[in-house]
Every structure is written in structure tokens, then in C-alpha cells.
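Scroll down for the structure; my scribbles are underneath it.
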Amino acid sequence: MVAQPVADGFAGYRQQLVETLQAKGIRDLAVLQAIATVPRHRFVPEAVRHRAYEDSALPIAAGQTISQPWVQARSIQELRLTGKEKVLEVGAGSGYQTALLARVAGNVVAVERVPALATGARQALDELGVRNVAVVVGDGTLGWRSLAPFDAIIVAAASPDVPAPLVEQLKPGGRMVVPIGTMDEQALVRVEKLPDGTLETTPLSDVRFVPLLGQFGFRG
Ligand code: SAH
């Protein structure tokens, strides 16, 4: 047991998901606590709500997907957050990962290119009373210059390589997690910007994300 469950009838399912993720190697207690408390069923379409607490990706609007919880938990764990950081999320989608980040970081700037998804994410986050996030519409491969630099950056869509503006907008000492590869298969990698500005890249696992479409991603 890592958190007081939220009394909404789904707490038992969330707890099972927490145990599944622990069994798959997620150790960061703040991340597990976020999974135990954020109601994922509020971020998925009605038609797949009964599957909200499976450890699987699910379809959301606009042909996009809410990623597998294990991938999201692993990505956030690798950012090594302490609760104070300013985080940039590229690809807000449903807003679920944004809500997880909001619980384990200081504040979150979440960029989404599809306006309807940004609206839906904002609405779900508002309804849950999540205050420390800004969901903005735009091409997240450009980062979000007016609020940069960031302590951590998480990219939730597949990129051919690490977008240069994101490297620029990461603070020295900062961490980024991004899936790098082709449209069909990628490696999730952690990119650490060392205090002297050099990059250290560590592959984490094989993943499959929807494409990052934009100036420094795949050209849609
Ligand atoms: N983290 C999301 C998963 C979203 S899937 C969740 O928890 O639901 C990836 C998202 O990235 C999609 O919503 C897609 O529209 C968005 N996306 C793709 N290219 C983008 C870009 N250049 N800038 C911002 N968002 C982008």
C-alpha cells in the first residue's frame, strides 16, 4: 500500500495497477502514489472505460492513444523528480500523464498539437482540481520558449531524433525521456544534460509510440 486511495469505486483497480507496475520494476514511491490516486478512467473515452486500469495503451480521440501505464511510469521515474521541478511534456493527449506529472513535480507545461485533445485534457484536469499545469496548443518539437528552461522534459510521441530546441530548453543537469526511432518502432531513451552541457544518452527499453509530428519530428 503506497497511498490512501481516492474513494470513487475504482481505488481497488488502481491498487492492482500499482502492484502490476511494482512487479514490472517501478520503484519510485511518488510515481506509484500518483498511479494510486489519479483516476485514469476519467481520461479515456466511455467505450474503453472498463479497461482503464489495465496496463495497456488505449485509443483516445483524434486517432491518438493514451500510452501504457508502465511506459509512462517508467518514463517519469527516469526523470528523477523530487517534487519541485518545472517539467515540459510534449504530447499531452488525454492529459493523464500530465496529471501524474502534476503530482510528482512542481509544475507542468503540457504541449499538444491537436486543439480538441488539449481542450479535453484541460477539462479533465480542471474537473480534478489539478492547478499546477498549463496545457498549451502548438508544435512541441519547438519546446515552449517563453517558459523555458525546464528541469525535465518528457516526450510522449516517437521522434526520429532528439529535437534540438528541446535540448536547448533543458537546464544543465536536467533530464529528458524521449522515444527515438522510426514511425514503427523506437527505443525509449534518457538524455541527461551534464552540468558542462554535454549530453549523456541511455537506452531504456523498446517501445511503440504514435509519431511526433512537427518541425523537429516527423514531417506530417
Ligand atoms: N501522454 C498522452 C499520450 C498521448 S499520445 C496521454 O497520457 O494520453 C501522443 C500525443 O502527442 C498525441 O496526442 C499527439 O497529438 C501529440 N503530438 C504529436 N506530435 C506533437 C507535437 N509536435 N507537439 C505536441 N503534441 C504532439
Side-chain angles (χ1 to χ4, degrees), residues 17 21 31 34-35 38-45 48-49 51-79 87-105 108-125 128 130 133-145 147-148 150 152-166 169 176-184 186 188 207-220:
L17 179 57
L21 298 183
V31 173
I35 299 277
V38 175
R40 191 171 187 251
H41 67 278
R42 301 277 291 269
F43 294 88
V44 302
V48 291
R49 198 152 280 186
R51 300 186 54 202
Y53 295 101
E54 290 177 13
D55 186 22
S56 50
L58 294 171
I60 55 173
Q64 303 301 317
T65 51
I66 178 171
S67 307
Q68 182 189 357
W70 178 79
V71 172
Q72 298 190 323
R74 179 79 202 277
S75 302
I76 298 172
Q77 176 169 275
E78 293 294 337
L79 296 179
V87 179
L88 176 70
E89 180 191 27
V90 177
S94 68
Y96 174 67
Q97 180 167 267
T98 319
L100 295 178
L101 288 165
R103 293 194 68 96
V104 298
V108 184
V109 179
V111 191
E112 172 53 54
R113 68 180 279 279
V114 179
L117 288 175
T119 303
R122 249 185 234 123
Q123 191 179 335
L125 292 162
L128 294 171
V130 180
V133 307
V135 179
V136 293
V137 175
D139 176 3
T141 70
L142 302 171
W144 203 260
R145 207 164 287 282
L147 295 172
F150 301 95
I153 299 179
I154 189 163
V155 183
S159 184
D161 38 42
V162 185
L166 300 186
Q169 292 175 33
M176 175 175 358
V177 173
V178 51
I180 301 290
T182 64
M183 287 236 193
D184 295 321
Q186 307 94 35
L188 191 65
V207 287
R208 190 149 197 244
F209 277 82
V210 296
L212 182 70
L213 301 174
Q215 196 176 323
F216 289 86
F218 290 104
R219 300 297 189 111

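When a ligand or atom number is given, it counts from 1 through the structure's own listing order. Sequence positions, counted from 1, serve as the residue numbers for this chain. Please read all numbers here as calculations on a predicted model, not as lab measurements.
- Among residues two or more places apart in sequence or in another chain, the ring pair (Phe, Tyr, Trp, His ring centres under 6.0 Å) test is passed with F209 by none.
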Determine all donor-acceptor pairs shorter than 3.5 Å in which one atom belongs to a side chain in residues 64-71; sequence neighbours excluded.
| from | atom 1 | to | atom 2 | distance (Å) |
| --- | --- | --- | --- | --- |
| Q64 | NE2 | A62 | O | 3.3 |
| Q68 | NE2 | D55 | O | 3.4 |
| Q68 | NE2 | D55 | OD2 | 3.2 |
| W70 | NE1 | K24 | O | 3.3 |

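- V44 approaches A52 most closely through the heavy-atom pair CG2-CB, 4.0 Å.
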I'd like a table of the close N/O pairs between ligand 1 and the protein (anything under 3.5 Å), one pair per line with both atom names and the distance.
| from | atom 1 | to | atom 2 | distance (Å) |
| --- | --- | --- | --- | --- |
| ligand 1 | 1 (N) | G91 | O | 3.2 |
| ligand 1 | 7 (O) | Q72 | NE2 | 2.9 |
| ligand 1 | 7 (O) | Q97 | N | 3.4 |
| ligand 1 | 8 (O) | S94 | N | 3.0 |
| ligand 1 | 8 (O) | S94 | OG | 2.6 |
| ligand 1 | 13 (O) | E112 | OE1 | 2.8 |
| ligand 1 | 13 (O) | E112 | OE2 | 3.3 |
| ligand 1 | 15 (O) | E112 | OE2 | 2.6 |
| ligand 1 | 19 (N) | L213 | N | 3.0 |
| ligand 1 | 22 (N) | D139 | OD1 | 2.9 |
| ligand 1 | 22 (N) | L213 | O | 2.7 |
| ligand 1 | 23 (N) | G140 | N | 2.8 |
| ligand 1 | 25 (N) | R113 | N | 3.2 |

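- Between D184 and R208 there is a salt bridge, with a side-chain nitrogen of the basic residue lying less than 4.0 Å from a carboxylate oxygen of the acidic one.
- With sequence neighbours excluded, no residue satisfies salt bridge (charged side-chain N to carboxylate O under 4.0 Å, His left out) with R103.
- Contact between F43 and A124 at its shortest, heavy atoms only, is CE2-CB, 3.6 Å.
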